[in-house]
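Read through the structure below, which is laid out as structure tokens, and then see the notes.
This is a predicted model, so every value here is computed, not measured. Residues: numbered from 1 along the sequence shown.
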Amino acid sequence: MTLTAVLAVLISYALGSLPAAAWLARARGIDIRKVGSGNSGATNMMRAAGKGPAVAVATFDVLKGVLVIWLARWLGLGENVAALCGLAAVIGHNFSPFLAFRGGKGAATTFGVMVSLVPVVGIGTAVIFLTTVWLTRLVSAGSILGVIAGTLVAVVTGQSVWLCLAIAALSALLIYQHRDNIGRLTGGNERRLGEK
């Protein structure tokens with residue numbers, strides 16, 4: 001990798017690590033790490049401060065994923081490096097140095113990366129996510145099924161091996177971050193959207 005590519009990946013990690021939920025909650029006198037799941041993401045922000053702040057956080061987190069792909073392309077680094085920048089941003093979000101290497105679960109930032117990297121994959125992910133949440137009010141289930149669908153769309157639409165691997169890696173990381181949710185889903189006691 002060139003020095004420019006390495007710097008782009010590092011900048012992407014730094015941008016991804018900006019914890020909008022934690023900072024916005026702190027401005028309201030709330031420690032997001034001590035509310036609900038303790039994650040610095042939009043779903044937990046809704047529990048802590050309501051819909052408006054949650055939408056703001058979700059938008060910011062999606063834009064982090066969009067911005068790093070745009071940055072890589074603007075620098076002329078190619079799709080392979082762009083995918084690495086996207087992965088770095090999600091890792092930064094999930095393991096932020098601003099939060100002692102804790103963070104969110106990466107769903108919104110992952111979506112931002114996917115829809116910018118391969119729009120059809122992002123659209124497929126969003127459709128399955130929204131449909132699942134609408135039917136079940138389970139954000140975690142929607143996130144997991146959404147990225148699985150996105151990975152399948154990448155393969156079926158004939159994306160390059162590298163892009164398929166990058167999307168699969170993003171999906172695997174998201175599923176890993178939801179491991180506790182998977183336990184609750186299988187046990188039938190996962191919190192639904194809107195529940196305290």
Side-chain angles (χ1 to χ4, degrees), residues 16 19-22 24-26 28 30-62 64-65 86-87 89-96 99-115 120-156 164 166-196:
L24 184 56
R26 187 179 303 161
R28 291 168 169 258
I30 301 167
D31 186 346
I32 196 73
R33 293 170 294 182
K34 296 180 180 178
V35 176
S37 64
N39 288 300
S40 180
T43 302
N44 205 36
M45 190 67 187
M46 183 176 291
R47 298 187 188 105
K51 292 181 181 179
V55 170
V57 167
T59 301
F60 183 85
D61 288 347
V62 169
K64 290 192 295 188
L87 186 58
V90 175
I91 292 172
H93 177 82
N94 294 352
F95 308 102
S96 172
L99 299 174
F101 296 96
R102 293 177 57 192
K105 295 181 180 177
T109 305
T110 295
F111 171 72
V113 170
M114 285 185 172
V115 78
V120 69
V121 170
I123 291 168
T125 299
V127 167
I128 297 302
F129 169 78
L130 291 171
T131 301
T132 303
V133 173
W134 179 64
L135 291 173
T136 68
R137 292 190 297 121
L138 292 167
V139 175
S140 57
S143 299
I144 293 166
L145 292 176
V147 295
I148 291 172
T151 303
L152 292 175
V153 169
V155 174
V156 170
C164 287
I167 290 166
L170 287 167
S171 301
L173 179 57
L174 183 141
I175 291 168
Y176 173 77
Q177 290 294 98
H178 282 80
R179 59 196 181 278
D180 292 337
N181 302 84
I182 292 171
R184 291 192 294 270
L185 285 166
T186 56
N189 55 2
E190 174 73 327
R191 286 187 296 267
R192 296 180 188 271
L193 192 65
E195 289 182 348
K196 296 294 183 182

Consider side chain to side chain contact (heavy atoms under 4.5 Å, CB included). Of Asp180, Asn181, Ile182, which one does Glu190 pass it with?
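Among Asp180, Asn181, Ile182, the one meeting side chain to side chain contact (heavy atoms under 4.5 Å, CB included) with Glu190 is Asn181.
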
Going by the side chain to side chain contact (heavy atoms under 4.5 Å, CB included) test, name the single residue among Leu152, Thr151, Thr125 that passes it with Ile167.
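Of Leu152, Thr151, Thr125, side chain to side chain contact (heavy atoms under 4.5 Å, CB included) with Ile167 is met by Thr151 alone.
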
Main-chain N/O of [Y] paired with [X] side-chain donor or acceptor, under 3.5 Å:
| X | Y | value |
| --- | --- | --- |
| Arg179 | Tyr176 | yes |
| Ser171 | Ile148 | no |
| Asn44 | Asn39 | yes |
| Ser96 | His93 | no |

[atom1]-[atom2] distance between [X] and [Y], expressed to the nearest 0.5 angstrom:
| X | Y | atom1 | atom2 | answer |
| --- | --- | --- | --- | --- |
| Lys64 | Thr110 | NZ | OG1 | 10.5 Å |
| Thr109 | Leu170 | OG1 | CG | 10.5 Å |
| Arg33 | Arg26 | CZ | CZ | 6.5 Å |
| Leu174 | Phe111 | CG | CZ | 13.0 Å |

Verdict with reasoning, Lys105 to Ser143, per side chain to side chain contact (heavy atoms under 4.5 Å, CB included)
CA-CA 10 Å; Lys105 295 181 180 177; Ser143 299; over 6 Å; no

Partner residues of [X] under the side chain to side chain contact (heavy atoms under 4.5 Å, CB included) criterion, sequence neighbours left out:
| X | value |
| --- | --- |
| Leu145 | Ile128, Thr132 |
| Ile123 | Val127 |
| Ala166 | Ala83 |

What is the minimum heavy-atom distance between [X] and [Y], and which atoms define it?
| X | Y | result |
| --- | --- | --- |
| Val113 | Gly65 | CG2-CA, 3.6 Å |
| Met45 | Pro53 | CE-CB, 3.6 Å |
| Pro19 | Leu99 | CB-CD1, 3.6 Å |
| Phe129 | Val139 | CE1-O, 3.8 Å |
| Met114 | Val121 | SD-CG1, 4.1 Å |
| Ser40 | Ala22 | OG-N, 3.3 Å |

So do Leu87 and Ile91 actually touch side chain to side chain, heavy atoms under 4.5 Å?
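Yes, at least one pair of side-chain atoms sits under 4.5 Å.
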
